[in-house]
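Below: the structure, in structure tokens.
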Number of protein chains: 4
Amino acid sequence: MSPNLDRRNERSRQAIIEAAMALCREQGLARTTVEEIAKRAGVGKQTIYRWWPSKTAVVEEGINELAGTATDFPDTGDLLADLRTQMAGVASILSSPLFAPYLSLIGAAQDDPELAKSFLDGLVKPRVNAARERLRAAQDQGQLRADADLDDVVELLYGPIYYRALLHTRPPSPAQVDELLRIAFAGLAPR
Amino acid sequence: MSPNLDRRNERSRQAIIEAAMALCREQGLARTTVEEIAKRAGVGKQTIYRWWPSKTAVVEEGINELAGTATDFPDTGDLLADLRTQMAGVASILSSPLFAPYLSLIGAAQDDPELAKSFLDGLVKPRVNAARERLRAAQDQGQLRADADLDDVVELLYGPIYYRALLHTRPPSPAQVDELLRIAFAGLAPR
Amino acid sequence: MSPNLDRRNERSRQAIIEAAMALCREQGLARTTVEEIAKRAGVGKQTIYRWWPSKTAVVEEGINELAGTATDFPDTGDLLADLRTQMAGVASILSSPLFAPYLSLIGAAQDDPELAKSFLDGLVKPRVNAARERLRAAQDQGQLRADADLDDVVELLYGPIYYRALLHTRPPSPAQVDELLRIAFAGLAPR
Amino acid sequence: MSPNLDRRNERSRQAIIEAAMALCREQGLARTTVEEIAKRAGVGKQTIYRWWPSKTAVVEEGINELAGTATDFPDTGDLLADLRTQMAGVASILSSPLFAPYLSLIGAAQDDPELAKSFLDGLVKPRVNAARERLRAAQDQGQLRADADLDDVVELLYGPIYYRALLHTRPPSPAQVDELLRIAFAGLAPR
DNA sequence: ACCTAAACGAGACGGTACGTCGCGTCTTCGC
DNA sequence: GCGAAGACGCGACGTACCGTCTCGTTTAGGT
């Protein structure tokens, strides 16, 4: 019934993912068709449908491979420095053409609850969890207000970065991260 | 060349927008077809294409009419109270099924630069400008740190709300707004 | 209910017919649209639909005016000479680009029984009747076999001319008429 | 580039031709749409367009298959008898509802030079050639005037049959064929 | 090293929707 | 009140892709 993983052609698998990512970068996910991917990858359409339920699943896998450990959290003991490092990485990713398919994926998820779920579980949650743990450690060390809800803090820090990327106001940047951390840690109220 | 606005049938215009919005709420924008919209609106496809370049443009107009003055900024003199009021309104919109097409639109814009531009110019910028003006007034009155970049503040406040909605972690809510304002105005650094 | 003939604009009527005929000559009747006719004639579509039920009716009227008395039958007393004259005229008409819409009309009539009827009654029958009368006069004068059915004779003489035109084997010509009359009057049987 | 004939689905091919012929008999070629043909044949539109350039091409193939050997020329040695047999067959075809699409095709060819050419080459010429050969054999045997141009003879004999069918004066019939041959072989001149 | 069953490339298939064209009707002005 | 102009509801066009379904053709594992 379901295909035999042992006999899978790894070369085809990679060619498909690379073709999908490349086309997605060139034209966006919406304008990318399965037929184009197959042709570009030198592969039959059936080989795509055999292993993935849809083109978005291919791109999801591509993003996962591409992200790799690039968004891992450092722990130098200095929370602010670590946040600056990691958030700058995220800002860089969200403004990089290489990762354009990532934004397309978030876009597609707005009308596709299944994609939204697998996107959330596979890409977002693990990274949010890692961030929360880093924040908890810092909180234990007194580098963060004790009464701050850590999920809210994560949203406060990363929301503005995604905001810029998804609303296309201006590209996220290290400068934004600096200003963000400055305001967040000092507060908006006048002294 | 371009059609004559004076001869336009207002009844058809409204029926098209309402049909598009309804279908978009039921199935999402991606699964909504122009043919369905035309059929539901009791209208020929050509009448849609005559006045809008695409289904997304129809939905954009629909959102614009629906939003109306719902996101206007109050000015009671108390910045925090005004922010709470207005941001709660935004959170409510972003978690309301009525406004689901708004999220679809942001999603579609990820792969459609033209849509991204008109969306930004028509929907985002006017509201961001209004927010900036309200913040500037508050800043002049000493209710806000004098060295805060107002655009960054707008991102800091609204980014987390959009983050929840677009990444589907959890729905934006008034409670989120409260916590957000608490952290933002007090700062994350321990006392 | 039905429009008032007295107020009809003769200039428009002629412009419509001429536009229809011209377009029909350039592209054939099938590719000619009512909208093109209206535009070329500098006329609103409604003005066409007010006075004719369809574009074929316009062309029919155009053909009728164009044919005029060109196919009238001479009567010099010499049947063979008169036939030669008149049939050569028919052959000329059926091979002339000016009359191309006439063939288009016959073509359209194959799938349109109403057109077939009005075409038959308005264009064919009167001319067949005239031919039959000329033949009858000749028969009375002994220039034609007494036992020949005159309708069959008409078909025998004109069928081959239409055959060339409608099957596009080769254009009808005076030479064909000559040969036709030679065979018809002498018979095919060897002497 | 062009589709692979080996992979062609013969069942679909036949269903398409039969659907096209049936619809053409019911409504005429002009009112028959490709969509109707596809639906009736249980086939996607693309499958029609993949193998034929237009609906007329489908009907042409249908007519070719239907005609088959029905119009083949007998050769009993008696020219008049053979002509009577074959021409009666043609008359029967041209007055049969089964072959109504044949007349529609001739009609459509009046406004479509490409169709006219393929119709002429594929349907008319082969049969005219066969007729000419039969006539030549008879001419050699002294059953036909030696100075008769055989193409003119073919036109003389078949023109009147097509004339009746295409101008809708009255249906072609065996009686017409008889009278036709009588006049043609005896001549119109009084004895 | 061979056999055989699978995965593979290719692409035809039944469908759905696309964006466009033209139909015949209806509506609004201007003459 | 006819006519120019053209928007309207509608239906069909020919095309693009969808996801499924054969086709031979590799190709890889088990014997």
Side-chain angles (χ1 to χ4, degrees), chain A residues 3-9 11-13 15 31-39 41-51 53-55, chain B residues 2-9 11-13 15 31-39 41-51 53-55, chain C residues 3-9 11-13 15-16 31-39 41-55, chain D residues 2-9 11-13 15 31-39 41-51 53-55:
Chain A
N4 183 340
L5 268 166
D6 294 343
R7 292 178 152 269
R8 183 169 190 182
N9 184 335
R11 181 184 303 275
S12 293
R13 187 189 144 272
R31 290 184 221 290
T32 298
T33 71
V34 175
E35 285 182 353
E36 268 179 322
I37 297 172
K39 180 156 274 180
V43 133
K45 276 199 289 179
Q46 192 59 54
T47 302
I48 298 179
Y49 285 112
R50 184 157 25 233
W51 301 108
S54 65
K55 66 180 175 185
Chain B
S2 71
N4 183 340
L5 270 165
D6 294 343
R7 295 226 186 286
R8 183 166 191 183
N9 184 335
R11 180 183 303 276
S12 295
R13 189 190 141 271
R31 288 183 223 293
T32 297
T33 70
V34 175
E35 273 178 4
E36 270 178 321
I37 296 172
K39 179 167 241 180
V43 133
K45 273 200 289 182
Q46 192 59 58
T47 301
I48 298 180
Y49 285 112
R50 185 161 19 238
W51 301 108
S54 65
K55 66 182 173 184
Chain C
N4 183 341
L5 269 165
D6 295 343
R7 291 177 147 268
R8 184 169 190 182
N9 183 334
R11 180 184 303 276
S12 293
R13 187 189 145 274
I16 289 164
R31 289 184 221 291
T32 298
T33 70
V34 176
E35 285 182 355
E36 269 178 320
I37 297 172
K39 179 157 276 181
V43 135
K45 278 199 287 179
Q46 193 58 53
T47 303
I48 297 179
Y49 285 112
R50 186 158 21 234
W51 302 108
W52 292 275
S54 67
K55 66 182 176 185
Chain D
S2 73
N4 183 339
L5 269 165
D6 295 343
R7 295 226 185 288
R8 183 167 190 182
N9 184 334
R11 181 183 302 277
S12 295
R13 188 190 142 272
R31 287 183 223 291
T32 297
T33 70
V34 176
E35 271 177 8
E36 269 179 322
I37 296 172
K39 178 166 240 178
V43 131
K45 272 199 289 181
Q46 191 60 56
T47 301
I48 298 180
Y49 286 112
R50 193 171 1 250
W51 302 109
S54 65
K55 65 182 176 185

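This structure is a prediction, so every number in the text was calculated from the model and none was measured. Every chain is numbered from 1, with letters handed out A, B, ... down the list of sequences.
A straight line from CD of C:E36 to P of E:dC21 spans 12 Å, rounded to a whole angstrom. A straight line from CZ of D:R11 to C1' of F:dT22 spans 14 Å, rounded to a whole angstrom. One atom, NZ of B:K39, and another, P of E:dA17, lie 10 Å apart when rounded to the nearest Å. Taking atom CZ of residue C:R13 and atom C1' of nucleotide F:dG3, one finds them 16 Å apart after rounding to whole Å. For the pair C:I48 CD1 and E:dC23 C1', the interatomic distance rounds to 12 Å; values are reported in whole Å. In this entry the distance linking OH of D:Y49 with C1' of E:dG14 reads 16 Å, nearest Å. Look at CD on D:E35: it is 11 Å from C1' on E:dA17, rounded to the nearest Å. Following rounding to the nearest Å, D:R31 (CZ) and E:dC23 (C1') show an atom-to-atom distance of 13 Å.
Residues C:A15 and C:A41 approach most closely at O-CB, 3.5 Å, considering heavy atoms. Counting all heavy atoms, side chain and backbone alike, C:G44 lies closest to C:A38 at C-CB, 4.2 Å. Considering all non-hydrogen atoms of both residues, B:T32 and B:K55 come closest at O-NZ, 2.9 Å.
For A:Q46, taking side-chain heavy atoms from C-beta onward, the closest of the listed nucleotides F:dC13, E:dG14, F:dT20 is F:dT20.
Place A:S54 and D:V34 on DNA chain F by their nearest nucleotides, and D:V34 ends up nearer the 5' end.
Between the NZ atom in D:K39 and the NZ atom in D:K45 there is a gap of 11.5 Å [rounded to 0.5 Å].
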Show the distances under 3.5 angstrom between N or O atoms of the protein and N or O atoms of nucleotides 4-7 of chain E.
{"residue": "E:dA7", "atom": "OP1", "partner": "A:N4", "partner atom": "N", "Å": "3.0"}
{"residue": "E:dA7", "atom": "OP2", "partner": "A:N4", "partner atom": "N", "Å": "3.3"}

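With hydrogens and angles left out, the side chain of D:K45 and the base of E:dG14 share no donor-acceptor pair within 3.5 Å.
A search for side-chain contact (heavy atoms from CB on, under 4.5 Å) contacts involving B:N4 returns B:D6, B:R7, not counting sequence neighbours. Remark: C:R50 pairs with C:P3, C:Q46, C:T47 by the side-chain contact (heavy atoms from CB on, under 4.5 Å) rule, at least two apart or across chains.
Residue B:S12 places at least one side-chain N or O under 4.0 Å from the OP1 or OP2 atom of F:dG9.
C:R8 forms a cation-pi arrangement with C:W51, by the criterion of a distance under 6.0 Å to the ring centre and an angle within 45° of the ring axis.
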